[in-house]
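Residue numbering restarts at 1 for every chain, and letters A, B, ... go by the order of the sequence lines.
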Amino acid sequence: MPELPEVQTIVDDLVQAGLIGRIIVSCTIFWPGCLAGIDQYAFADGVCARRVARLWRRGKYIGCRLSSGRSLLVHLRMTGRMVMHDWAAPYGKHEHVALGFDDGRELRFYDPRKFGRIWLTDNPDALLHRLGPEPLSRNFTAQVLAERLAGRQRAIKPLLLDQTFLAGLGNIYVDEALWQARLHPLQAAGSLSMDQVRALHRAVRQVLRRGLANGGTSLGRGQGNFSATIRGTGQNRHALKVFRRTGQDCPRCGAVIRRLVVGQRSTHICPQCQQAGA
DNA sequence: AAGAATGTTACATG
DNA sequence: ACATGTAACATTCT
């Protein structure tokens, strides 16, 4: 669930919480399986007594540069959260790693489905360099998008979900962007007209910015639903036009929204606004 | 109440 | 290049 707006909301929350400059004084690991390519002892050793120097986001990764020069990378996958508690707060069932800070708080990695992963690495770029462009960066122009789409035979939706093509989009924002741009998810990526590319470019950026402004999308109240570190649930669900609105009316034309499956992912479209052709 | 579905991604196989 | 299937896992939905 956490896509670019959700991950950015979390990073903003962590900065807001004053994490930068804090020193990690303890590390408790309840489920070592979430640590990627490092054993729990080396991990704890590698983070303790280090200061948080920088927090950032790239795609759906949270980055945390430590004073040692190494960086933590966190990918929340489907159901991961970063939660903040006083160190004395009892541990919940799904809290797998806890980093204690010098002000008595603990940042805990919570993930009921256990798909999320944490790396500790000298070279975060080794993981991040494969990612496509940042959709909200200045460099990501309609022209760049057009160049990346050119010649691709793949359907546009699975391509937009491919993190090496464009970083940060997931199922929710792809469906929303395609609706906004009036594109059918199965249209061949390379067949978009320049007008369609421009519309898609604008739509991607607009739905992401709106998601961010709304503090992310939380779909329900279950344990796996998105919740940021400070702000909690996001309000962007109310701004969704098609995602999980099967059977309801398209806000643009009034047609009934349909659900289909594209590349094994549930997909929501307005059959009126989003025609297969061009 | 059993079985299916769930917002992600990596990998394996045609 | 691309599509498809699978696996990781627990909870929620049907």
Side-chain angles (χ1 to χ4, degrees), chain A residues 1-10 30-37 57-62 73-82 92-97 109-119 126-132 148-179 185-191 207-208 211-212 214-228 233-237 239-247 259-268:
Chain A
M1 65 189 314
E3 308 178 28
L4 187 155
E6 289 74 32
V7 177
Q8 185 67 56
T9 299
I10 290 167
F30 298 96
W31 186 63
C34 66
L35 305 176
R57 178 196 59 76
R58 174 80 171 96
K60 300 178 190 174
Y61 289 85
I62 299 167
L73 289 174
V74 181
H75 197 300
L76 301 170
R77 293 281 185 100
M78 303 266 290
T79 54
R81 294 182 190 174
M82 302 302 289
K93 181 179 178 185
H94 305 298
E95 291 174 352
H96 306 311
V97 173
F109 172 65
Y110 161 102
D111 187 8
R113 282 183 74 175
K114 296 183 174 173
F115 289 174
R117 290 294 178 269
I118 302 175
W119 292 260
L127 265 173
L128 303 177
H129 84 277
R130 305 169 37 80
L131 295 174
R148 295 182 73 83
L149 289 169
R152 305 295 296 259
Q153 300 305 305
R154 266 181 110 176
I156 187 67
K157 167 155 179 171
L159 190 59
L160 291 173
L161 286 171
D162 181 342
Q163 301 298 299
T164 68
F165 179 78
L166 188 61
L169 290 175
N171 213 26
I172 298 174
Y173 294 98
V174 165
D175 277 8
E176 292 297 308
L178 289 174
W179 176 87
L186 287 175
Q187 184 169 347
S191 76
V207 299
L208 291 176
L212 190 50
N214 287 326
T217 303
S218 304
L219 293 166
R221 254 174 294 51
Q223 297 187 84
N225 282 311
F226 169 68
S227 180
T233 55
Q235 299 310 306
N236 198 56
R237 180 167 58 99
L240 300 180
K241 305 297 194 283
V242 286
F243 192 83
R244 294 240 184 131
R245 294 193 66 246
T246 311
R259 176 184 178 277
L260 48 153
V261 174
V262 176
Q264 286 89 243
R265 310 297 304 279
S266 87
T267 298
H268 311 76

*Using the closest heavy atom to pick a nucleotide of DNA chain B for each, name whichever of A:T217 or A:Y61 lands nearer the 5' end.*
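Checking each residue's closest nucleotide, the 5'-ward one belongs to A:T217.
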Interatomic distance, A:L161 atom CG to A:R265 atom CZ [nearest 0.5 angstrom]
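Answer for the CG-CZ pair, A:L161 versus A:R265, is 5.5 Å.
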Quick check for you: to the nearest 0.5 Å, what is the distance between A:Q163 atom CD and A:H75 atom NE2?
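Those atoms lie 6.5 Å apart.
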Where along residues 167-176 of chain A does a heavy atom fall under 4.0 Å from DNA chain B?
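Output list: A:G170, A:N171.
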What residues form a side chain to side chain contact (heavy atoms under 4.5 Å, CB included) with A:F165, not counting sequence neighbours?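 Side chain to side chain contact (heavy atoms under 4.5 Å, CB included) check on A:F165 returns A:L145, A:R148, A:L149, A:R152, A:L159, A:L160, A:D162.
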Who pairs with A:A239 by side chain to side chain contact (heavy atoms under 4.5 Å, CB included), at least two apart in sequence or on another chain?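 A:A239 satisfies side chain to side chain contact (heavy atoms under 4.5 Å, CB included) with A:R210, A:N214, A:N236 only.
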| said: Could you work out, with salt bridge (charged side-chain N to carboxylate O under 4.0 Å, His left out) as the rule, every residue matching A:K157, not counting sequence neighbours? | reply: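 For A:K157 the salt bridge (charged side-chain N to carboxylate O under 4.0 Å, His left out) partners, ignoring immediate neighbours, are A:D175.
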With sequence neighbours excluded, what pairs up with A:R237 under the salt bridge (charged side-chain N to carboxylate O under 4.0 Å, His left out) test?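 Not a single residue meets the salt bridge (charged side-chain N to carboxylate O under 4.0 Å, His left out) criterion with A:R237.
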Base, sugar-phosphate, or nothing: which does [X] touch, judged by heavy atoms less than 4.0 Å apart?
X	value
A:T79	nothing
A:E6	nothing
A:L76	nothing
A:R259	sugar-phosphate

Given 3.5 Å as the limit, does a donor-acceptor pair link the side chain of [X] with the main chain of [Y], or not?
X	Y	answer
A:E176	A:F243	yes
A:E95	A:K93	no
A:H268	A:R244	yes

side-chain hydrogen bond (donor to acceptor under 3.5 Å, both in side chains) against [X], all qualifying residues, sequence neighbours excluded:
X	result
A:T79	A:D111
A:R58	A:E134
A:H94	A:Q223

Intra- and inter-strand pairing of DNA chain B, written as dot-bracket with Watson-Crick and G-U pairs under 3.5 Å and | for the latter, reads .|||||.|||||||
Q.
Distance under 4.0 Å to a non-hydrogen atom of chain A counts as contact; along DNA chain B, which nucleotides mark the start and end?
A.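 Result: B:dT6 to B:dA10.
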Using the [atom1] atoms only, state how far [M] lies from [N], rounded to an integer number of Å.
N	M	atom1	answer
B:dA10	C:dT11	C1'	23 Å
B:dA4	C:dG5	P	16 Å
C:dT6	B:dA5	P	14 Å

Counting primed atoms, P, OP1 and OP2 as sugar-phosphate and everything else as base, the B/S/- map of nucleotides 3-14 of chain C against protein heavy atoms under 4.0 Å is SSB--BBBSS--
| Partner residues of A:Y173 under the ring pair (Phe, Tyr, Trp, His ring centres under 6.0 Å) criterion, sequence neighbours left out |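 Checked A:Y173 against ring pair (Phe, Tyr, Trp, His ring centres under 6.0 Å); zero matches.
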